[in-house]
Amino acid sequence: MVFYTFSEQQPSLAIGTMYCIGRNFAAHAREMGAEVPDGAPLVFLKPPSAYTPHTGLVTIPKFSNNLHHEVELVVIIGKDGDTITEQEARDYIIGYAVGVDLTLRDIQTIAKQKGEPWATAKSFRGSAPLSSVIPPHSIDDTNAELELYVNGELRQKGNTNQMERSVPALIAYISSVFGLRRGDCIFTGTPEGVAQIHSQSHVKAILNSHTVLEFTVE
């Protein structure tokens, strides 16, 4: 069992299901040659074993040659809820973090071509580096800055005001389909600028200039 790290003292909270939203930034959808989904959001999952803590190490799986970074605002769920309304949604948030959805782009491309699931490309061990969790009052999730650097070079920069679907809308949808449980989290989508990370790279992700995630790719 793996647990979140909080910037302020909180009861121990085990990491549950990680719900990830695809193509929630139009510019990123375009750079991938895709459209923003009509209707329901595009959702995929990562297991708790995908978690990599701040300052951790990520190993590129031997079956892939193309690891990509995708920086995201992550929403941590603090209590169980089914069919949560958008008006109630923020009552279920225990905190926020900055995370990176690591993607094996070569494996994902093959899966897309064959119409197969993305699980191997998106959900491998260590594929979800996550910062410490900050309290919900610390940021405005409608206007939060995201940045990602690789070896000191700025690769991604965006704002959650560019998201196609808001945090409350995502909580409402996911809870209506899957139900949300204490310890689950939501990766809310990435801005444009995704690119390959090579072995021996140092990655730094920042939320609102102060919440920082750093990890090294072996």
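For residues 102-141, the set of pairs meeting the ring-ring contact (aromatic ring centres under 6.0 Å, His included) definition, not counting sequence neighbours, comprises Phe44-Trp118.
A salt bridge between Asp101 and Lys46 is present, with a side-chain N of the basic residue lying under 4.0 Å from a carboxylate O of the acidic one. For the pair Arg181 and Asp82, the salt-bridge criterion is met [side-chain N within less than 4.0 Å of a carboxylate O].
Counting only distance, with no hydrogens or angles, the side chain of Glu164 and the backbone of Asn24 share no donor-acceptor pair below 3.5 Å. In this structure, the side chain of Ser166 does not engage the main chain of Thr142 through any donor-acceptor pair within 3.5 Å. The closest donor-acceptor contact from the side chain of Ser131 to the backbone of Thr211 lies at 3.5 Å or more, if one exists at all. With Asn151 contributing its side chain and His202 its backbone, the two residues share a donor-acceptor pair below 3.5 Å. In this structure, Thr160 contributes its side chain and Asp141 its backbone to a donor-acceptor pair below 3.5 Å. A distance-only check finds no donor-acceptor pair linking the side chain of Arg182 to the backbone of Leu13 [under 3.5 Å]. The backbone N or O of Pro135 lies less than 3.5 Å from a partner atom in the side chain of Ser138, making a donor-acceptor pair.
Clustering ILVMFWY residues whenever any of their side-chain heavy atoms sit less than 4.5 angstrom apart, transitively, puts Val58 in the very cluster that holds Val100. When hydrophobic clusters are built by joining Ile, Leu, Val, Met, Phe, Trp and Tyr residues whose side-chain heavy atoms come closer than 4.5 Å, directly or via intermediates, Leu130 is not grouped with Ile77. Under the 4.5 Å side-chain heavy-atom criterion for Ile, Leu, Val, Met, Phe, Trp and Tyr, Ile15 and Phe6 are members of the same hydrophobic cluster. Val194 and Leu146 end up in different hydrophobic clusters when Ile, Leu, Val, Met, Phe, Trp and Tyr side chains are linked at under 4.5 Å. Following chains of ILVMFWY side-chain contacts shorter than 4.5 Å, one can reach Ile84 starting from Ile186, so the two form part of one hydrophobic cluster.
Applying the ring pair (Phe, Tyr, Trp, His ring centres under 6.0 Å) test to Phe3 and every residue at least two apart in sequence or in another chain returns nothing.
A side-chain donor from one of Lys122 and Thr103 sits under 3.5 Å from a side-chain acceptor of the other. If you check the side chains of Asn208 and Glu145, you find no donor sitting under 3.5 Å from an acceptor.
Nearest heavy-atom pair, Ile60 versus Ser199, reported as atom, atom and distance to 0.1 Å: CD1-N, 4.0 Å.
Open room surrounds CZ on Arg125; 12 or fewer heavy atoms of other groups in view lie less than 6.0 Å from it.
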